[in-house]
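Scroll down for the structure; my scribbles are underneath it.
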Amino acid sequence: PRQKFISEYVLDIDIERNEPNVHKAEKAPNPEDWHGAELSVIIEGNWTTYRTKVLSYLRQLAIVTPYAQFHFRYASAGDDSRSNVDATFRRRTEVMPAPPSTTKHHPSAAKENQLLIKDLLSATREKTLQAFFHKEFTSINKEHAGRLVAELGKGFEPGMSPQDVSETQATRIQQLLSYARFSDPDGTCLSPAGEYNLRLGIMKELGPDWIASFEGPALACGGHPLIVEACVSLGGKDVKSGFNIFRFANRIPLLFEAGSDVVTRCVQRLQWGNYKIDKNNDKIGVFVSIVSTKIPFKGTSKEYIGDENAEIAEAVDRAIRACASQLKGKIVRAQAAKERRARKKVLSRYIPDCARAIAAMLSAAAKADEPPSKRARVGPGTSAGKLWPVDTTW
């Protein structure tokens, strides 16, 4: 904000070297104190084949980033302008996710990367082994670091230099960190969309009748921090009956190979009937965003996350169940309110008849020579026990 200049770059990508070719790099004055980022991309391709995928990608991107505005324009190469497309996905909020902070390795990363300990020992600036554990890893405080050194056993001292650790000792450290238990990371190094933004994006693009959201705590998966956030919606525009699954990895939509993804498998395993949701007739939208410093994609396409990772599968399943439980409460309350309205409507039909009957009784009581309470105490006779004369024809 309030930068005195605006930077403008024009570049393309060398797909063989995976490097940018910069054609223009200029700085223009900024007298109006404009701030932000504007990105324009020109792509040539087969529009007829991938039209649906391109528009679906932009729509999902607008869902997960409601603080951004997208303007897409397709211009036909021919003279037929009827096939041109001009679509704008407008900004809904100015609240952006918190930027990520720098972090250290989680100790469980030693199990996945067996060379990590040797690399850290050779590069550390710490003077003691206890300080090495405390400063080079997250989730290890000073007291915990001292207990780890003691657990390493003979040949290790809290004050020994990390540079004096031999390869055999480094292997022992790696083994200890691989199998010891540590608390989960705090997640400040990640930047999830957040429940607020995710709900806003879904409401803006789909307009569902009901929506529930959940963001799980950060956990360590393969030594990397990971957060799962989810939303489940019912109803909405342009939503087909059954499951409509939207998957995101680090706020990037995943369009292909959904059948093998962990999100799809968790949705299929869940007993939706227990949550008062009809999986065949209801319009169910399931949105799951996975944020991590390393997304464990399967295959070279990087389009889906495998179901064999138990930690991720449990986190996704827990997030979807939490959303479904919220919707169940809303559905139960809505059904109870509907039943009350139905009972009220039925009972309302008898109000005129009841009013006329009560009016007739009050009128007969008013015309009687004696009040009903006195006539009720009359002894044996023709009027015994009668509060007022009964009109049998009525």
Side-chain angles (χ1 to χ4, degrees), residues 63 66 90 92-93 195-215 230-246 267-268 270-287 318-394:
I63 289 175
R90 299 195 178 278
R92 176 66 185 270
T93 179
E195 289 186 63
Y196 175 77
N197 280 333
L198 201 54
R199 290 174 71 102
L200 276 183
I202 296 170
M203 294 168 61
K204 175 174 70 78
E205 295 300 325
L206 301 183
D209 301 325
W210 285 326
I211 185 173
S213 60
F214 176 82
E215 180 177 328
C231 280
V232 177
S233 66
L234 293 177
K237 58 185 179 181
D238 300 331
V239 181
K240 70 180 190 305
S241 298
F243 296 125
N244 300 265
I245 300 176
F246 302 85
V267 170
Q268 293 172 345
L270 188 61
Q271 299 296 325
W272 292 91
N274 297 338
Y275 301 95
K276 310 294 183 182
I277 299 175
D278 187 348
K279 65 179 182 180
N280 297 319
N281 298 319
D282 289 339
K283 297 179 179 180
I284 309 170
V286 181
F287 308 79
R318 184 166 53 248
I320 297 176
R321 287 179 183 273
C323 295
S325 297
Q326 296 177 37
L327 287 179
K328 179 183 178 181
K330 296 180 181 181
I331 293 172
V332 169
R333 289 191 293 270
Q335 290 176 346
K338 184 178 179 180
E339 292 174 358
R340 286 195 299 269
R341 289 193 298 268
R343 288 196 300 268
K344 181 178 179 181
K345 184 177 180 180
V346 171
L347 294 175
S348 298
R349 292 190 230 166
Y350 301 99
I351 291 177
D353 294 337
C354 292
R356 284 194 295 269
I358 294 173
M361 288 188 295
L362 293 177
S363 177
K367 294 177 181 178
D369 296 334
E370 296 177 343
S373 58
K374 188 174 182 180
R375 284 184 284 130
R377 291 192 295 270
V378 176
T382 56
S383 301
K386 295 183 179 179
L387 300 182
W388 49 75
V390 178
D391 186 353
T392 56
T393 59
W394 186 84

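These figures come from a predicted structure and were not determined experimentally.
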Does Arg341 reach the side chain of Lys344, with side-chain heavy atoms less than 4.5 Å apart? no
At what distance, to the nearest 0.5 angstrom, does SG of Cys231 lie from CE of Met203? 10.5 Å
What distance do Ile358 atom CD1 and Asp353 atom CG have between them, rounded to the nearest 0.5 Å? 11.0 Å
Could you check Trp272 against Asn280 for side chain to side chain contact (heavy atoms under 4.5 Å, CB included), going step by step and ending with a plain yes or no? CA-CA 10 Å; Trp272 292 91; Asn280 297 319; over 6 Å; no
From Ile245 CD1 over to Ile320 CD1, what is the distance, rounded to the nearest 0.5 angstrom? 7.5 Å
Give a yes or no on whether Lys276 atom NZ has more than 12 heavy-atom contacts from other residues, nucleotides or ligands under 6.0 Å away. no
Check the pair Ile284 / Leu234 against side chain to side chain contact (heavy atoms under 4.5 Å, CB included), numbers first and verdict last. CA-CA 5 Å; Ile284 309 170; Leu234 293 177; 3.9 Å; yes
For Leu270 and Ala324, which heavy atoms make the closest approach, and how far apart are they? CD2-CB, 4.5 Å
Do you know which two heavy atoms are closest between Lys283 and Gly236, and how far apart they sit? NZ-O, 4.0 Å
I'd like to know whether NZ of Lys204 has more than 12 heavy-atom contacts from other residues, nucleotides or ligands below 6.0 angstrom. yes
Sequence-distant partners of Tyr196, ring-ring contact (aromatic ring centres under 6.0 Å, His included), two or more places apart: none
Minimum heavy-atom distance Pro66-Asn197, with the two atoms named: CG-O, 3.1 Å
What is the distance from atom CD of Glu195 to atom CD1 of Ile211, rounded to the nearest 0.5 Å? 10.0 Å
When every non-hydrogen atom of Ile202 is compared with those of Pro208, the smallest separation belongs to O-CD, 3.7 Å
Just say parallel, tilted or perpendicular for the rings of Phe246 and Phe287, cut-offs at 30° and 60°. parallel
Inter-residue atom distance Tyr275.OH - Arg321.CZ, 0.5 Å rounding: 4.5 Å
Drop me the distance from Ile331's CD1 to Arg333's CZ, to the nearest 0.5 angstrom. 10.5 Å
